[in-house]
Structure formats: C-alpha cells, structure tokens
Student: 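My questions will all concern the structure given below.
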Amino acid sequence: MNLKNFLSDFSDLIFPRCCEACDCSLVGNEATICTSCMISLPRIQFNGLHQDVIRYKFVNVPEVALTHSFLLFTKKGKVQRLLHALKYKGNKDVGLLLGFMFGQEMIAAGMLPEAGLIISVPLHAKKKKLRSYNQSDLLAEGFSNATGIPWSATTLERIKHTATQTGKSKIERRENVKGVFAVKEHIKHKSVIIMDDVLTTGATLEECVQTLKLAGCESFTILTIALAEH
C-alpha cells in the first residue's frame, strides 16, 4: 500500500465518509454514492409504465418531442435522501454526479436527443441567495459533462417569486407559475433540453416551454432526475 492510499484509509477511519443514499461508509475510490446504491437506485425504464405517465403529463404540448426522468422518487427512499442532500445539505457533488450518471445512461440507451443547449430551470434570485446555488444548474452541468451538450444557467430567468407548489393541484400549480419566467439571452438553437430535479405535475416545465417558444425554440426535450410517485 502506498502512502497516499494509507493516508486516505486512515482519514476514512477517523473521519468516515458516508453514502448520501444509504448512510453506509464509503470505501476506496467511492465518492458521494456507494457502488451498491449506484447499481440499485430505482431507474425508470424508457418503455415502461412510468414512462407513459411522464409522456401523458405533456400530451397537450406537441412541441415536447421527448420526456424522461432518470429515477423514481418515493418517500423516505434513497432518491429522496439524495435530493435532500443536494437541496438542503449543500452537497453539490450529488447534483453533478446524478446529472453525469443520467447523461451516461441516456447515451448507453441510444436515447440522447439532438439538442443544441441544456437549459436549467431557474430559481428566483431570493431563493437562490438563501441556498447559494440552484440544484438544477448542477444537474445540467453534470449532464453536460457526460454528453458534451453545452448548458446555460442564464438563458432563462425566474422574474416572479411564487409560493411553493407543494400541496397544490395541477390547475393551481399552472396558475401559480403563469408568467414567472423570461428569456434573458438570445437563443440560437431551435432544439433544447430543459433540465430540472423532480417532475410532479409538469406545470413549471410546461411554463418554461411556453416562454422559450416565444423566443424561437421549436422542439423540446424535458429531462428530470426524478419522477415523484403519487
């Protein structure tokens, strides 16, 4: 064993690193998520029942050419733990890693869309200041690192601060996000990816599509790290 590995193992013994999904100790070269959890995280199949649920959420938006969520979000499950670590514990590595894994698996499945730009769903400036970062930016950056598709955190802006969507019906969610986004920068790409963390009713993402349509975008792929199970 060389000195570097010895010091790493000694550090893990004194200050153990834990998997954000299962809280077990990380070993060796593992980082953020242990190997076991990486393998067992609940993937959503491209042609399964959950995929039909995702497509149905955007059935009235013909410009949405492809939709997919990477993982299934269940209460008290591993995906919830990971997203909690990302959004509320300040673990940015979770976002970068999940985005990277998502991009890799879309490539492996031959499902990577032909898009010119990845646009992350923005937070309002007040909320971003409180958290110091936008989790969707990290997911988009990780996905970009895996796929080579450039990403932007500045194309779309949230111009209105709204109440939380939690507990609202789909109609209430649509009303809550109506007119909250604006395009800040010229978009030269006709086909874009919109990236967010969790898909629930799809109201926020649909509003992003409507805003970007007015700026000249014609075809959309909607990707989220997780689909909320109801």
Side-chain angles (χ1 to χ4, degrees), residues 17-26 30-59 67-103 105-106 120-124 127-128 130-140 142-143 158 162-177 194-208 222-230:
R17 301 172 300 123
C18 295
C19 171
E20 290 288 7
C22 70
D23 210 31
C24 291
S25 296
L26 297 171
E30 292 180 339
T32 309
I33 304 174
C34 70
T35 302
S36 177
C37 285
M38 278 194 173
I39 294 169
S40 64
L41 285 174
R43 268 77 165 175
I44 293 175
Q45 301 303 314
F46 285 98
N47 293 306
L49 291 176
H50 286 109
Q51 185 62 29
D52 291 338
V53 171
I54 297 168
R55 290 193 192 101
Y56 182 74
K57 291 179 185 294
F58 302 99
V59 69
T67 62
H68 189 57
S69 295
F70 181 31
L71 304 169
L72 185 63
F73 180 108
T74 55
K75 287 186 178 180
K76 299 183 180 180
K78 290 183 177 181
V79 178
Q80 183 181 38
R81 288 175 62 102
L82 287 170
L83 293 179
H84 185 272
L86 170 61
K87 295 172 70 172
Y88 304 114
K89 290 172 59 179
N91 194 332
K92 298 180 182 180
D93 289 341
V94 171
L96 293 170
L97 179 55
L98 287 177
F100 190 84
M101 290 170 61
F102 193 11
E105 295 195 17
M106 287 203 74
S120 52
V121 174
L123 292 176
H124 188 269
K127 194 167 186 179
K128 187 174 181 180
L130 286 173
R131 190 173 293 167
S132 81
Y133 61 91
N134 176 8
Q135 70 275 5
S136 294
D137 290 348
L138 298 167
L139 299 168
F143 194 91
R158 191 181 290 251
T162 57
T164 179
Q165 296 280 68
T166 304
K168 290 181 168 59
S169 67
K170 184 164 185 175
I171 293 174
E172 290 171 335
R173 285 172 180 252
R174 281 178 174 170
E175 288 300 316
N176 192 45
V177 296
I194 303 175
M195 178 78 70
D196 205 5
D197 53 359
V198 181
L199 174 61
T200 49
T201 64
T204 299
L205 289 157
E206 188 172 332
E207 186 64 22
C208 289
I222 291 179
L223 300 178
T224 67
I225 288 299
L227 168 68
E229 188 176 53
H230 295 287

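This is a predicted model, so every value here is computed, not measured.
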Student: Between atom NE2 of His68 and atom CG of Leu199, what is the distance when rounded to the nearest 0.5 Å?
Tutor: 11.5 Å
Student: Not counting sequence neighbours, which residues clear side chain to side chain donor-acceptor pair (under 3.5 Å) with Lys89? List them please.
Tutor: Glu20
Student: Would Asp196 and Ser136 count as having a side-chain donor-acceptor pair, cut-off 3.5 Å?
Tutor: yes
Student: Please report the shortest heavy-atom distance between Gly95 and Leu139, naming the atom on each side.
Tutor: O-CD2, 3.4 Å
Student: What pair of heavy atoms forms the shortest contact from Thr224 to Ser69, and how long is it?
Tutor: OG1-OG, 2.6 Å
Student: Go through the steps for Lys57 and Leu227 under the test side chain to side chain contact (heavy atoms under 4.5 Å, CB included), then give the verdict.
Tutor: CA-CA 11 Å; Lys57 291 179 185 294; Leu227 168 68; 3.9 Å; yes
Student: Please lay out, stage by stage, how Leu96 and Thr32 fare under the test side chain to side chain contact (heavy atoms under 4.5 Å, CB included).
Tutor: CA-CA 10 Å; Leu96 293 170; Thr32 309; over 6 Å; no
Student: Please name all residues satisfying side chain to side chain donor-acceptor pair (under 3.5 Å) with Thr67, sequence neighbours left out, ordered by chain then number.
Tutor: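 With sequence neighbours excluded, Thr67 shows a side chain to side chain donor-acceptor pair (under 3.5 Å) to no residue whatsoever.
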Student: What residues form a ring pair (Phe, Tyr, Trp, His ring centres under 6.0 Å) with Tyr133, not counting sequence neighbours?
Tutor: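 Scan of Tyr133 (ring pair (Phe, Tyr, Trp, His ring centres under 6.0 Å), adjacent residues dropped) gives none.
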Student: Under the rule for side chain to side chain contact (heavy atoms under 4.5 Å, CB included), what residues qualify as partners of Glu30, not counting sequence neighbours?
Tutor: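 Side chain to side chain contact (heavy atoms under 4.5 Å, CB included) list for Glu30, sorted by chain: Leu26, Val27, Cys34, Thr35.
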Student: Among all residues two or more places apart in sequence or in another chain, which pass the side chain to side chain donor-acceptor pair (under 3.5 Å) test with Asp137?
Tutor: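 Asp137 satisfies side chain to side chain donor-acceptor pair (under 3.5 Å) with Ser120, Asn134 once adjacent residues are dropped.
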Student: Are side-chain heavy atoms of Ile54 and Ile222 found at a separation under 4.5 Å?
Tutor: no
Student: Just list the side-chain donor-acceptor pairs under 3.5 Å for residues 73-86, sequence neighbours left out, or say none.
Tutor:
from, atom 1, to, atom 2, distance (Å)
Lys78, NZ, Ser40, OG, 3.4
Gln80, OE1, Lys76, N, 2.4
Arg81, NE, Ala21, O, 2.8

Student: Report, one line per pair, each donor and acceptor closer than 3.5 Å where one atom sits in a side chain of residues 42-49; sequence neighbours left out.
Tutor:
from, atom 1, to, atom 2, distance (Å)
Arg43, NE, Glu105, OE1, 3.2
Arg43, NE, Glu105, OE2, 3.3
Arg43, NH1, Met38, O, 2.5
Arg43, NH1, Ile39, O, 3.4
Arg43, NH1, Leu41, O, 3.3
Arg43, NH2, Met38, O, 2.8
Arg43, NH2, Glu105, OE2, 2.7

Student: How close do Leu223 and Phe102 get, counting heavy atoms only, and between which atoms?
Tutor: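 The answer is CB-CE2, 3.8 Å.
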Student: What is the distance from atom CG of Leu71 to atom CG of Asp197, rounded to the nearest 0.5 Å?
Tutor: 12.0 Å
Student: Which residues satisfy the salt bridge (charged side-chain N to carboxylate O under 4.0 Å, His left out) test with Asp52, sequence neighbours excluded?
Tutor: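 Counting only residues at least two positions away or on another chain, Asp52 forms a salt bridge (charged side-chain N to carboxylate O under 4.0 Å, His left out) with Arg55.
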Student: Report yes if some heavy atom in the side chain of Val121 is under 4.5 Å from a heavy atom in the side chain of Arg158; otherwise report no.
Tutor: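 Yes; the side chains approach each other to less than 4.5 Å.
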Student: Report the residues that fulfil salt bridge (charged side-chain N to carboxylate O under 4.0 Å, His left out) with Lys92, sequence neighbours left out, ordered by chain and then residue number.
Tutor: none
Student: With side chains defined as the heavy atoms from C-beta onward, is the minimum distance between Leu123 and Gln135 less than 4.5 Å?
Tutor: yes
